[in-house]
Amino acid sequence: MNKKPTILVTGGAGYIGSHAALALSDASWPVVVIDNLTTGFREAVPHDVPLLVADIADQPVVETFILDHDVGAIMHFAGSVVVPESIANPLKYYHNNTAKSRSLIESAIRCGIPHFIFSSSAATYGAPAKSPVSEDTPQRPINPYGMSKLMTEIMLADVAATHPLNYCILRYFNVAGADPKARAGQSTIGATHLIKVAVEAALLKRDHVSIFGTDYDTPDGTGVRDYIHVSDLATAHVLALEALIADPATNHVLNCGYGRGFSVLEVLDAVERITNRGIVRRFEKRRAGDPGALVSDNRAILECLPWKPLHADLDEIVAHAVAWERKLGQPGGAFSNVMG
Ligand code: UDP
């Protein structure tokens, strides 16, 4: 068998990128990481994985790194991920997510990289009229985060039409949980994503959870999302890579979710159940830029890739998030240099 090419993971010190790097290593793919460590953690990158601390838009440095390591494909995770922040600071999102992706894609083309996997988002669908959402649903983002991701999707499609590169766009629904062996997890400071926030509240790291909106057109009035375990998502990336290599003439656009949704209240109930602790709930107004329900139609990924989710269970997702959060909180625990 041919030697496996090296995979460049941008944002590999971040939450999803670090799990993808682990999944690649577990499947015996050589991995290298570029991360500027603005939100990522050096400790999230295994010691045997080369880490370039640099910005993905620093083209000379990035291109030298790609050529030095004989990179054969790029998984691009680096970017900013908080919807409310994107509304407050749209130019940050168009810079970090759109402009810097343009720069990285240009570096990929200049270095002759044949395969590109891009972290996109269900936020590109906006507030779809119908749920579950299939890949051919019109993309009408309702916040700059979603728009910044959609613009990168468009660039990739245009570039692939005229350069020797195929791509897979993975549109993530709500990513949560942590590596089942607790080798990685979500370490974000000042997290805003629901499961992390709720777990922090249950472990007394914050005093309450705000519930943003109780008047959505959903069964209990709170927002409904399709929560996907980060390790299942990471596996999808490895399988997408294999599909791109197996058929270089084909591109893929795939939703990543389990095809079922949970409300904010159901998530809080699950966190209380798993931790056996109460959470103080504060009912508040809707948060700007939030759709009511966003659930994937995941038939395309199930048909296209040999993807078999192993952790499609809300309680398991929460249990792994809790285990990681406890590890973060321990003296000498994961990333204690930044947490303590
Ligand atoms: N949410 C909430 N309180 C929080 C964080 C989130 O009620 O502290 C709700 C949010 O309005 C949405 C769902 O939880 O309905 C998921 O939001 P999150 O920020 O986790 O992800 P998003 O879907 O915005 O990417």
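Just follow the structure's listing: the first ligand is 1, and inside any ligand the first atom is 1.
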Legend entry - Counterpart residues, side chain to side chain contact (heavy atoms under 4.5 Å, CB included), relative to Ser134 (two or more places apart): Asp136, Thr137, Asp297

Inset, instruction - For Gln139, check side chain to side chain contact (heavy atoms under 4.5 Å, CB included) against everything at least two apart and list the hits. - result: Thr124, Tyr125, Leu150, Glu153, Arg171

Legend entry - Pairs satisfying ring pair (Phe, Tyr, Trp, His ring centres under 6.0 Å), at least one member in residues 235-271, at least two apart: Phe77-His237, Tyr172-His237

Inset, instruction - State whether the number of non-hydrogen atoms from other residues, nucleotides or ligands found under 6.0 Å of Arg110 atom CZ is greater than 12. - result: yes

Legend entry - Quiz item: cation-pi between Arg225 and Phe173, 6.0 Å / 45°: no

Inset, instruction - Would you please test Asp179 and Val230 for side-chain contact (heavy atoms from CB on, under 4.5 Å) and show each step? - result: CA-CA 7 Å; Asp179 176 54; Val230 65; over 6 Å; no

Inset, instruction - Select all protein residues for which some heavy-atom-to-ligand 1 distance is less than 4.0 Å, and list them by chain and number. - result: Asn174, Thr192, His193, Leu194, Val197, Ser210, Ile211, Phe212, Gly223, Arg225, Tyr227, Val264, Arg287, Asp290

